[in-house]
Engineer: 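Take this structure first; my questions come after.
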Amino acid sequence: MKRLFSVMILFLTLGQLSAQESETQDTTYWLKEIGGGLNFNQGSFSGNWKGGGVNSVALGLYLNGRANYKKEKWTWDNSMDFIYGIVKNQGEDARKSNDRILLDSKVGYSVSEKWNVFSSLNFLSQFAPGYDFADGERTQISKFANPAFLTYALGMEYKPNSEFLLRLAPFSPRLTFVTDPNLYLNVPENYGVPIGETVRTEWLAFSSLMEWNKKLSDNVGLLIRHQLFANYETFTLREMDHRLDIALTAKVSNLINVSLTSLSIYDFDQDDKIQFSQGLALGIAFNLSTFPKD
């Protein structure tokens, strides 16, 4: 199995090297985009405000980008998604409100007009420590690479148009990292990693990714992304991992936008219930792109 995994990694690497070699000959095969922004939220109430409320300040930063290569039947798509946010409520210490590191690289080969064979690597983690504030105590439950997920996928991709894609990967090994051997003292399930170890390897697994990126109007866009991971050795509905991202963005001007986002996670190794977060933000943003406009 390890030898087969090495072959799959070699396939991805060769595709990347091939794209890099072609880039030195002709850069017109690349489309690139980078965007980012700063969101700020503030609320304050007078001392005699009868409706109730807590003075608060929130700050959010995000940076995302993609670089896609296409020549003949070969494609190489790369994306990054960095998000970090903090919130300060009156009478409380500053707390993390959002935190994500997402890196994805995929090599594909077209076998028909709408279908590709693909090989990909995906890394997911967070920047800063996270805490549980239950009962007024601050208990650390996460930090960089605690946990972190590295997933390899080999399968087929269906892409009928520029808005929709579906990846199905019947071979999708995943490594789960918890580099702090003492984190289990605060998180007994240790994110599925055996106590005393720093890595859990799931060799036989299935994964899928479905994404719909729809431009509702000239200034409004909707992104829906669902990811699924299932270990063949524990293949039950209860132990399948799900992640659902939804983002609705409206551009007010060239520099100002409004966004409504939500994230739902079900991971039995973290919690047997659905985790949910939601945010509404107004901020400044920038975007530089060589992708054609719709």
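Keep in mind it's a predicted model, so treat the numbers as computed, not measured.
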Engineer: Looking only at non-hydrogen atoms, find the nearest pair between N231 and L204 and report the distance.
Structural biologist: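 Looks like OD1-O, 3.2 Å.
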Engineer: May I ask you to test the S105-S120 pair for a side-chain heavy-atom distance under 4.5 Å?
Structural biologist: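 The answer is no; the side chains never approach within 4.5 Å.
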Engineer: Do R225 and D81 meet the salt-bridge criterion of a basic N to acidic O distance under 4.0 Å?
Structural biologist: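 No, this pair does not count.
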Engineer: For residues Q270 and Y191, report the shortest heavy-atom separation together with the two atoms involved.
Structural biologist: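 Minimum heavy-atom separation between Q270 and Y191: CG-CD2, 3.5 Å.
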Engineer: Is it true that a side-chain atom of D132 and a backbone atom of A134 form a donor plus acceptor pair closer than 3.5 Å?
Structural biologist: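 Side chain of D132 to backbone of A134, a donor-acceptor pair under 3.5 Å: yes, one is there.
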Engineer: Is there a side-chain contact between W212 and L223, using heavy atoms and a 4.5 Å cut-off?
Structural biologist: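 Sidechains of L223 and W212: no contact.
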Engineer: What about the rings of F127 and F82, do their centers lie closer together than 6.0 Å?
Structural biologist: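 Yes: the rings meet the under 6.0 Å criterion.
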Engineer: Could you check whether any side-chain N or O of K96 sits under 3.5 Å from a backbone N or O of A128, counting only pairs where one atom can act as donor and the other as acceptor?
Structural biologist: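 Checked: pair present.
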Engineer: So, does N186 use its side chain to make a donor-acceptor pair with the main chain of Q140 at under 3.5 Å?
Structural biologist: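 Yes: the side chain of N186 pairs with the backbone of Q140.
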Engineer: Over all heavy atoms of both residues, which pair between S142 and Q126 is shortest? Give the atoms and the distance, please.
Structural biologist: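 Closest approach of S142 to Q126: CB-NE2, 4.5 Å.
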Engineer: Do the charged groups of R200 and D269 touch, with an N to O distance under 4.0 Å?
Structural biologist: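 Looking at R200 and D269, the cut-off is met.
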Engineer: Evaluate Y152 against S119 for side chain to side chain donor-acceptor pair (under 3.5 Å), listing each step before the verdict.
Structural biologist: CA-CA 8 Å; Y152 173 81; S119 173; 2.9 Å; yes
Engineer: Are N122 and F149 close enough, and set up right, to give a side chain to side chain contact (heavy atoms under 4.5 Å, CB included), and what steps lead you there?
Structural biologist: CA-CA 8 Å; N122 179 285; F149 305 93; over 6 Å; no
Engineer: Counting only N and O atoms by type, is there a donor-acceptor contact under 3.5 Å from the side chain of Y232 to the main-chain atoms of P170?
Structural biologist: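 A pair under 3.5 Å: yes.
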Engineer: Check whether the ring centres of W115 and Y158 lie less than 6.0 Å apart, and answer yes or no.
Structural biologist: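 Yes, ring centres under 6.0 Å apart.
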Engineer: Do F177 and P147 make a side-chain contact, defined as non-hydrogen atoms from C-beta onward lying under 4.5 Å apart?
Structural biologist: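 No, side chains not in contact.
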Engineer: Can you confirm whether S207 sits close enough to F229 that some side-chain heavy atom of one is under 4.5 Å from a side-chain heavy atom of the other?
Structural biologist: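 Yes; the side chains approach each other to less than 4.5 Å.
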Engineer: How many angstroms lie between atom CG of L103 and atom CE of M80, to the nearest 0.5 angstrom?
Structural biologist: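 Going from CG on L103 over to CE on M80, the span is 8.5 Å.
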Engineer: Considering the options R66, R167, K106, which one meets the salt bridge (Lys or Arg N to Asp or Glu O under 4.0 Å) requirement together with D77?
Structural biologist: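 That would be K106.
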Engineer: So, do R100 and D245 sit near enough that their side-chain heavy atoms are less than 4.5 Å apart?
Structural biologist: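 Heavy-atom side-chain distance check passes, below 4.5 Å.
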Engineer: Does atom CG of L216 have more than 12 heavy-atom neighbours from other groups under 6.0 Å away?
Structural biologist: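 Above 12, so yes.
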Engineer: Would you indicate whether N254, at its atom CG, is surrounded by more than 12 heavy atoms from other residues, nucleotides or ligands within a distance under 6.0 Å?
Structural biologist: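 12 or below, so no.
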Engineer: For T201 and W203, indicate whether the former's side chain and the latter's backbone hold a donor-acceptor pair under 3.5 Å.
Structural biologist: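 No, because the side chain of T201 does not come within donor-acceptor range (under 3.5 Å) of the backbone of W203.
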Engineer: Can T179 and N146 be counted as having a side-chain donor-acceptor contact under 3.5 angstrom?
Structural biologist: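 Checked: T179/N146 side chains pair up, N/O donor to acceptor below 3.5 Å.
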Engineer: Return yes if some donor-acceptor pair links the side-chain N/O of N190 with the main-chain N/O of V193 below 3.5 Å, else return no.
Structural biologist: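 The answer is yes, because a donor-acceptor pair under 3.5 Å joins these two groups.
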Engineer: For T290 and W30, which heavy atoms make the closest approach, and how far apart are they?
Structural biologist: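 The answer is OG1-O, 4.4 Å.
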Engineer: Do K70 and T75 make a side-chain contact, defined as non-hydrogen atoms from C-beta onward lying under 4.5 Å apart?
Structural biologist: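 Counting from C-beta outward, K70 and T75 do come under 4.5 Å.
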Engineer: Is any NZ, NE, NH1 or NH2 atom of the basic residue among R95 and D93 found under 4.0 Å from an Asp or Glu carboxylate oxygen of the other?
Structural biologist: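 The answer is no: the pair does not qualify as a salt bridge.
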Engineer: Quick check: is Y29 connected to V107 through a chain of hydrophobic side chains (ILVMFWY, heavy atoms under 4.5 Å apart)?
Structural biologist: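 Yes, one cluster joins them.
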Engineer: Whether the side chain of N161 engages the backbone of F164 through a donor-acceptor N/O pair (distance < 3.5 Å, no angle test) should be reported.
Structural biologist: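 Here the side-chain-to-backbone pair exists.
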Engineer: Side-chain contact test, heavy atoms from C-beta onward, threshold under 4.5 Å: evaluate it for T176 versus E202 and give yes or no.
Structural biologist: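 Sidechains of E202 and T176: in contact.
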Engineer: Answer whether the closest heavy-atom distance between the side chains of F206 and L168 falls below 4.5 Å.
Structural biologist: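 Yes, side chains in contact.
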Engineer: Taking all heavy atoms of D180 and all of K143, pick out the closest pair and write down the distance.
Structural biologist: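 In this case the closest contact between D180 and K143 is OD2-NZ, 3.2 Å.
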Engineer: How many angstroms lie between atom CE of M156 and atom OG of S208, to the nearest 0.5 angstrom?
Structural biologist: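 OG of S208 is found 15.0 Å from CE of M156.
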Engineer: What's the shortest heavy-atom distance between I256 and L282, and which atoms?
Structural biologist: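 Closest approach of I256 to L282, heavy atoms only: CG2-CD1, 3.6 Å.
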